[in-house]
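To find a chain, count down the sequence lines: A is the first, B the second, and so on, and within it residues start at 1.
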Amino acid sequence: MTAGEPVLEVRDLHVTFGDVRAVRGVSYAVRPGEVLGIVGESGSGKSVTSAAVMGLLPPSATVTGSVRLRGQELIGAPEKRLTALRGKTISMVFQDPLSALTPVYRVGDQIAEAVRIHQKVTKEQAMVRAVELLDLVGIPNPGQRALGFPHEFSGGMRQRAVIAMAIANDPDVIICDEPTTALDVTIQAQVLEVLKTAQRETGAAIVMITHDLGVVAGFADRVLVMYAGRPVEVGAVDDIYYRMRMPYTVGLLGSIPRVDRGGRQPLVPIEGAPPSPAALPPGCPFEPRCPMAVEECSVAEPALLEVGPGHEAACIRWADVGVRPPGRHAAQAAAAVRGGRGAQEVVLRVDGLVKQYPLMKGSLFKRRVGTVHAVAGISFDIRQGETLGLVGESGCGKTTTLMEILELVKPQDGRIVVLGQDTARLAAGDRMAIRRDMQVVFQDPLASLDPRMTVHDILAEPLRTHRRGDTGSRVRELLRLVGLDESHAARYPQDFSGGQRQRIGIARALALEPKLVVLDEPVSALDVSIQAGVINLLDALKSRLGLSYLFVAHDLAVVRYIADRVAVMYLGRIAEIGQVDTVYDGPMHPYTQALLSAIPLPDPERERTRRRILLDGDLPSPADPPSGCRFRTRCPKFRTLAANERSRCVESEPEVRALAQDHGVACHYAEKLEVVQNHEESHP
Amino acid sequence: MSLQEEELAEELRQPPRAPSRLRMVGGRFFGSTQGRIGFAVLAAMFLLAFVGPLFSPWTYTDKDFTAFLQPPSAEHWFGTLQTGADVYAVTLRGMQKSLIVGLLAALLSTALAATVGAFAGYFAGWTDRTLSWITELLLVLPAFLILAIMSPLFGDGQWVLFVVMLALFLWMVTSKIVRGMTISLKQREYIQAARFMGVPPVKIIFRHVIPNLSSLLIVDATLNVSAAILTETSLSYFGFGIQPPDVSFGTLIADGAKTAVYAPWTFWFVAALLVVTVLAVNLIGDALRDAFDPSAARKVRR
């Protein structure tokens, strides 16, 4: 920890919107060069806190307390003084880089503008500085890119540009509000690296707001955990991760699926949902969900208590809160099931699937200017009772694959065989039968439920469509199955929390007792504590009802937890496919290795010692994929090869070849590399 | 689940009856004061229009040659017109016509707009092109002129044809809006979910697309009631539309306007009834929109 006077000191900050108390007494201080992580679930008030610090809240908000920036009080300061400070002494990096940049101005001009607002320099000097900054944040060809518009930048590039803007005036404090949430893992790793560089260059203090405990573990010096608008635990990063004293922190860490944990151990979700800020319980806000709650907890809200040097927790029973529950004893039972593959019936087979979109130009006379190769020949199969995780970053073609399967029509090339029926030769009746046996759960639980229908109607729809009688009792049965109350049937989707909505989505998918369920990122829109409950539910339902899952996700940790087999996709091709533990413990494709090493672990010690394989640049456009191996332009392996070896990568596209039993890799020079050490091995 | 949610769940507990949409919407419609008042007033209007004439000794064709342009009295409750016709009888007769023409034409045109727009937007391709072509064709046709030319056909007992023709020239703009909204709705995941469940397209349109446009459609229908009554009024004013000896609000207002200053009863009764009718329809529209929209209830509850 860096000594010295704090640059930013927040004391007893309260924010109220009408009678909703969004933030209730937040205090923290950051010193120069220090990184403070603020962690919390959605609605915990973490973003409102930072907006209050920046003075960016709407006039309807009432802010009390004190925010001191280098000794200057910001709360109640005139707008003019705030404007002078914003961007100069304190700057902010937002979550969505697209909306943080003005679409109609060149990126370079926007950064130069940030420079010129606070420094007396000429236009030319500002532009030179902008190019320097772009270079600093790792944008290749900065001189040329500075003339580009925001829409010409990819998500990661835009976030770099926003960071460049934030550090343009050498600020003392940078507030980052979920800076990597909208980005893919490999890009996230790059951006975090840029943030570290930026901090080194400016010596600024960083306040990092995030819901991802992994990101904070490797990045922050101190962590503040927020719940229901209040800090519930504050401490050095190691204290929070290894010596936590607040049951909420324990629950949060226990509910994260970890990429470094094999052998399927059930996650420990936190019961219930966070309280609404409009109706807080009288005592400790976590009391209704707390496994250790005693009567005393519901009497009064506990204050932050000193539980160790520089470590505070808001729990009256902090002394009884043990270190992280190991959760190890529970079950490698599922491992047995994973062994015997082959005997089971194949429920889904995809063979050389190809999907291309024409790229059209012109508004009146459309002409074809190119082809987007969204999916370029992929093959996999799923057997009865098995879960295949299809993972990859955005733009890799996983959703296209899924849609092709769900459409049940003849693909452009290749074959899709669902439950023994080739989709190219389906009669209407057979298609209807498959629609009954194959169901889908979508990513956004609110968007996938008709807002104008009651839960009863939503759940009854598949039953009515396929003429199953007695919908009333079946709906009640389904609600019980997914852990909801029967009386919920009369409510509308919007009356539920995110996790409950996803349970409704799952209940609808299960209404017809399908054989195959296609899950499109079913948990990525949910908070971690809720996510764990849904994952556990999916897992329990699978073994109970003998389902097969095709699980599409970008989160490799979730996939490790739920899938039996995994297929890693890159730019429309499968890079690596095989048993989950085989792939995660010994990935052989350089892309899988990079992907796995980019995932932050919620374990500060290991995060610090880990070697990270950083990929260069962004995903190439699927309209113009590189010749030969599609990954070669970003491949760390390719760079180590001799010229004669490289020609093979450039000339021929590698096919997936089996390198071990049930482990296929599409790389000419595949070799094993351990990138995530297994958790059990390192902590015996 | 929080305590508050549990209480809420308790409130809504009604296990034996399946809480389907129709029942929920109905319950919420009649649960709101607006809905109840609107419905009661409109029902009273209908009752007055169809049962009211039975209590009067005069019919709308009768003329009292002993009383021209007389103020309301025991003999003539609403007074008489210049021709000696009883205002009460004539007004109620006019209301019968206007209520039926206005409401039916509005419902028909909104239904047409919703169906055509949703089909065009959902199916795209040739369906879209054909339906859009028809919509545009009707948009450029001079509605008033055609209705005027066809007016001889709207003689005795032909009011159904009149309603259809009125509706036919009211729906196009809404249909264009519906089409656009359907195209964006089609990308929604719940529509996709229904499609992948095997729900036939036509059912998806009526079950998911149109209910999700209900706010727009209800506002449109409410506006159309006034629009239809006014179109009918203006047509009748020029002597097209409802033909004498039959009367409508339109013909009555047209006639009454001339004598309104010195014989207010010839105008004000009709005008007041028209205003009350349109108001009731608007109340019903508002209540229906809130009943269909689950988020509206929350605002009320808070």
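- Closest approach of B:Leu42 to B:Ala280, counting heavy atoms only: N-CB, 4.0 Å.
- Contact of A:Gln439 with chain B is made through the side chain alone, with heavy-atom distances under 4.5 Å.
- Using a 4.5 Å heavy-atom cutoff, the side chains of A:Pro514 and A:Met438 are not in contact.
- The part of A:Met432 that comes within reach of chain B is its side chain, from C-beta onward, which places non-hydrogen atoms under 4.5 angstrom from that chain.
- Crowding of A:Lys355 atom NZ: a count of heavy atoms from other residues, nucleotides or ligands under 6.0 Å exceeding 12.
- Comparing A:Arg289, A:His466, A:Met453, A:Glu461 by how many heavy-atom pairs each has under 4.5 Å with chain B, the most go to A:Glu461.
- Per-residue counts of heavy-atom pairs under 4.5 Å with chain B were compared for A:Ala460, A:Pro451, A:Ser473; the largest is that of A:Pro451.
- In terms of heavy-atom proximity, B:Ala221 sits nearest to B:Thr110 at CA-OG1, 3.3 Å.
- Interface check for chain B: of the options A:Asp450, A:Thr465, A:Ile458, the most heavy-atom pairs under 4.5 Å are formed by A:Asp450.
- What you find for B:Gly285 and B:Ile218 is that their closest heavy atoms are O-CG2, 3.2 Å.
- For A:Leu406, the parts sitting under 4.5 Å from any heavy atom of chain B are the backbone and the side chain alike.
- Chosen from A:Gln443, A:Glu407, A:Arg436, the residue pairing most often with chain B at heavy-atom distances under 4.5 Å is A:Glu407.
- The salt bridge (Lys or Arg N to Asp or Glu O under 4.0 Å) test with A:Asp457 singles out one residue from A:Arg508, A:Arg464, A:Arg491, and that residue is A:Arg464.
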